[in-house]
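Before any comments, here is the structure.
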Amino acid sequence: MGFPIYRPRRLRATENLRSMIRENSLSVKDLIFPLFVVPGTNVKNEITTLPGNYQYSVDKALEAVAEVVALGIPAILLFGLPSYKDAIGSSAWDDNEPVQKATKAIKTKYPELVVITDACLCEYTTHGHCGVLENGCTVNNDETLPLLAKIDVSHARCGADMVAPSNMMDGHIKVMRLAMDEAGYSNVALMAYSAKFASAYYGPFRAAADSAPCAGDRKGYQMDPANSNEALREVALDIEEGADIVMVKPAMAYLDVVSRVASTFNRPLCVYNVSGEYAMVKAAAQNGWIDEKRIVLETLTGFKRAGAKMIITYHALDAAKWLQE
Ligand code: PBG
Ligand code: ZN
């Protein structure tokens, strides 16, 4: 039955009517705030490519986390810049490095906050690749797996609630799950970067985390941006291997993938609103070209509408404040 009997505008006339038929909503409880931790004390460096975000020493990270907690954001995602790098990234599983120290300090002070740690090697290797190299710039999958397991267990030992491996090695979820279970951390969850694309949108992050590959690119392990059926295969594999949460990354240019994953699988789905997406919004807002608050809330709501259950975003603190207004 069409016009003039059915008039969609009838239920759009007032805010109360609109709120009654609203299908999706954004809540502070959907947000995960990424944080970069560095060696030293009293360090709070603004990240040039991510205005409003900082590299923190552990003491300063605690101050930032106080704000996260006060705003009601349920979780943070920790990335680390180590005090030393080598060819295999051994600082990644050193309990005295920033991610491990920050995890211990934050969980001691804020036991309720969900602390998620990034498990990858690119910040920790001299060459900036996400695994061990063989003949030039190829990452050897199977030699990388045991190293990822060590990272995982180190993070769990320091009190992480959840580990998020962002390296895109085949079989890593299973290896990490088994390693954690064997070490007695069967309650530590795994958030799998299941469909992580080889994206130019990670540029600002690599400056922040000092993790750009010194040669080559990540196309040999991250997904081709042209693929969506393959994303479903990746998600299926990670679920089979024991992922508790699956992820699509980046978010904005991949909402079709988000939607397909959400309707195909019965697993909590996370999207990563990545650094390049954030940087574009910030740059336009700083120029006065867009209304930052409305753009951000609309974008984050779009992730929910597409089927995401949770959102990793550098906008988390601002969005939480705006949602309170
Ligand atoms: C490391 C990692 C990257 C991001 C998260 N973990 C960069 C990359 O894969 O090169 C990107 C996050 C962002 O752009 O915000 N593997
Ligand atoms: Zn990496």
Side-chain angles (χ1 to χ4, degrees), residues 31-37 47-55 76-82 85 87-89 91-93 99 116-133 137-141 144-145 147-148 151-152 155 162-170 172-173 176 190-225 234 247-254 270-282 299-300 303 311-316:
L31 306 174
I32 300 169
F33 184 54
L35 270 174
F36 298 88
V37 285
I47 300 163
T48 321
T49 51
L50 293 172
N53 284 262
Y54 301 82
Q55 295 172 334
I76 58 168
L77 172 60
L78 288 178
F79 291 98
L81 285 81
K85 299 192 184 205
I88 60 166
S91 52
W93 57 88
V99 166
I116 310 171
T117 54
D118 178 68
C120 201
L121 285 165
C122 52
E123 294 99 330
Y124 303 90
T125 50
T126 37
H127 47 74
H129 275 285
C130 303
V132 182
L133 292 188
C137 266
T138 308
V139 171
N140 183 311
N141 192 86
T144 302
L145 294 178
L147 307 185
L148 296 172
I151 299 176
D152 205 28
H155 291 180
M162 194 181 297
V163 180
S166 61
N167 55 85
M168 287 298 279
M169 295 301 115
D170 292 336
H172 68 301
I173 296 297
M176 294 176 106
L190 279 174
M191 175 189 268
Y193 283 68
S194 306
K196 175 171 175 177
F197 291 87
S199 172
Y201 283 98
Y202 307 150
F205 172 96
R206 291 182 189 167
D210 186 26
S211 68
C214 63
D217 54 40
R218 304 210 202 291
K219 292 178 185 167
Y221 39 105
Q222 299 179 349
M223 278 186 57
D224 183 338
E234 280 279 11
M247 193 199 297
V248 174
K249 175 187 176 183
M252 287 165 68
Y254 297 86
C270 181
V271 289
Y272 199 141
N273 178 213
V274 299
S275 57
E277 300 173 318
Y278 176 87
M280 291 193 303
V281 169
K282 284 309 243 195
T299 303
L300 300 180
F303 300 152
I311 305 163
I312 301 168
T313 180
Y314 304 98
H315 296 291

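Computed from a predicted structure; not experimentally measured. When a ligand or atom number is given, it counts from 1 through the structure's own listing order.
Distances from the Zn ion (ligand 2) show that His129 has no N/O/S atom below 2.8 Å.
Short contacts between ligand 1 and Tyr314, defined as distances under 4.0 Å to a heavy atom of the residue, involve ligand atoms 12 (C), 13 (C), 15 (O). Under a 4.0 Å criterion applied to the non-hydrogen atoms of Cys120, ligand 1 contributes the atoms 16 (N). Atoms of ligand 1 lying under 4.0 Å from at least one heavy atom of Lys249, given by number and element, are 2 (C), 3 (C), 4 (C), 5 (C), 6 (N), 11 (C), 12 (C). Of all the atoms in ligand 1, the ones that sit under 4.0 Å from a non-hydrogen atom of Tyr272 are 12 (C), 15 (O).
Under 4.0 Å from ligand 1, the heavy atoms of Cys122 that appear belong solely to its side chain. Neither the backbone nor the side chain of Tyr278 has any atom closer than 4.0 Å to an atom of ligand 1 (non-hydrogen atoms only).
Residue Phe205 holds the heavy atom nearest to atom 13 (C) of ligand 1 of all those in Tyr193, Phe205, Tyr221. For atom 9 (O) of ligand 1, the nearest non-hydrogen atom from the set Met168, His129, Lys196 comes from Lys196.
Taking the six-membered ring where the residue is Trp, Tyr272 and Tyr314 present tilted rings, their angle falling between 30° and 60°.
Evaluated for a side-chain contact (heavy atoms from CB on, under 4.5 Å) with Phe33, the options Asn53, Leu78, Leu77 yield exactly one hit, Asn53.
Checking only distances, Ser211 never comes within under 3.5 Å of ligand 1, N or O to N or O. Considering backbone and side-chain atoms alike, Glu123 places every N or O at 3.5 Å or more from each N or O of ligand 1.
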